[in-house]
Amino acid sequence: MPNDTQKEWKQACCKELDSLCRCKVFELVNPPKGHKVIKNQWVFDLKSDGHKKARLVAKGFSQVEDIDYDTIFSPVVQFETVRLMVMLAALKNWHITGLDVKTAFLYGELNKELYMEQPEGFKVKG
C-alpha cells in the first residue's frame, strides 16, 4: 500500500480514537487479575464520498455466553433524535438524503465492567 494511503488510514484510526476519547468511552487501566480481556480489531470502510472511515470493534466472538455475558444487544441512536431530525426537515422544508450518526453506539449503557486490549499500533505504554 502506498505511504500516502497508509497515512490516510492511520489518520482515520486516530480520528476514531479521538472520538472515543472525547466521549469518555474508556479509561486506560490495568485489568484486575482473573478478568478476561477482550481483543479488538479495526474495520475499515471507504465511504461513497471517498473519505476513509475506521472503526475499532471488540472481538465479541471470543466471549462465551453465560460466562462472559448474559444479554446481547446493540444500542443505536435514540428514536427521539431521528424524530427530531425528520420534524425539523418537515418544518424547514429541507430535503433529507441521508443521516449518519457517528457515535450512535455510545448512547448504550453497560451495567458491568469490560476490559479490552489497546488497539494494535496505538498502545500507550504504562
Side-chain angles (χ1 to χ4, degrees):
M1 186 182 302
N3 281 342
D4 290 345
T5 306
Q6 287 181 32
K7 287 178 185 175
E8 289 174 358
W9 283 114
K10 184 150 186 164
Q11 186 177 17
C13 293
C14 289
K15 195 172 180 181
E16 169 76 351
L17 286 174
D18 288 343
S19 174
L20 294 172
C21 285
R22 275 194 318 276
C23 293
K24 299 179 180 164
V25 173
F26 66 88
E27 60 182 276
L28 291 175
V29 298
N30 289 318
K33 291 196 186 299
H35 279 77
K36 184 170 185 176
V37 178
I38 300 169
K39 296 187 181 298
N40 59 64
Q41 68 184 37
W42 287 104
V43 175
F44 300 102
D45 187 24
L46 185 60
K47 296 295 191 172
S48 58
D49 64 0
H51 84 273
K52 293 170 174 52
K53 183 72 179 169
R55 288 275 187 220
L56 181 63
V57 299
K59 291 184 176 180
F61 57 80
S62 64
Q63 296 178 300
V64 179
E65 187 175 4
D66 292 328
I67 294 174
D68 298 313
Y69 67 90
D70 54 13
T71 309
I72 299 173
F73 69 98
S74 179
V76 294
V77 68
Q78 296 175 346
F79 289 115
E80 293 82 4
T81 305
V82 175
R83 286 189 198 114
L84 177 66
M85 296 300 294
V86 172
M87 181 191 72
L88 280 172
L91 288 173
K92 299 285 188 177
N93 204 20
W94 294 341
H95 178 74
I96 298 177
T97 57
L99 184 64
D100 185 17
V101 181
K102 293 183 179 183
T103 54
F105 69 94
L106 300 177
Y107 294 110
E109 292 186 21
L110 301 175
N111 58 4
K112 68 187 328 187
E113 290 182 354
L114 298 176
Y115 299 92
M116 185 172 82
E117 287 183 346
Q118 294 184 59
E120 189 75 30
F122 294 90
K123 292 185 179 178
V124 177
K125 297 202 188 274

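Note that the coordinates shown come from a computational prediction; the quantities given were computed from them, not determined experimentally.
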For residues 2-10, please give each side-chain donor-acceptor pair under 3.5 Å, one per line with the distance, not counting sequence neighbours.
unit_1, atom_1, unit_2, atom_2, d
Gln6, NE2, Met1, O, 2.9
Glu8, OE1, Lys52, NZ, 2.9

Sorted by chain and residue number, the salt bridge (charged side-chain N to carboxylate O under 4.0 Å, His left out) partners of Asp49 (sequence neighbours excluded) come out as none
Indicate if Leu28 and Leu56 have the same hydrophobic cluster label, given that clusters are the connected sets of ILVMFWY residues with side-chain heavy-atom separations under 4.5 angstrom. yes
Going only through I, L, V, M, F, W and Y residues with side-chain contacts under 4.5 Å, is there a path from Met87 to Met85? no
When rounded to the nearest 0.5 Å, the distance separating CZ of Phe26 from CG of Leu17 is 6.0 Å
CG (Leu114) and NE2 (His35) are apart, to the nearest 0.5 Å, by 9.5 Å
Rounding to 0.5 Å, atoms NZ (Lys59) and CD (Gln41) come to a distance of 5.0 Å
Which atom pairs, donor and acceptor, lie under 3.5 Å between side-chain atoms of residues 115-123 and protein residues at least two apart or in another chain?
unit_1, atom_1, unit_2, atom_2, d
Tyr115, OH, Glu113, OE1, 2.5
Glu117, OE2, Lys39, NZ, 3.2
Gln118, OE1, Val124, N, 2.5
Gln118, NE2, Val124, O, 3.2

One should read off an interatomic distance between Phe44 CZ and Lys53 NZ, to the nearest 0.5 angstrom, of 12.0 Å
Quick note, salt bridge (charged side-chain N to carboxylate O under 4.0 Å, His left out) partners involving residues 78-93, not counting sequence neighbours, are none
Students should find that the hydrophobic cluster of Val57, defined by side-chain heavy atoms under 4.5 Å apart, otherwise consists of Val43
Heavy-atom count check: over 12 atoms from other residues, nucleotides or ligands less than 6.0 Å from Asp45 CG? yes
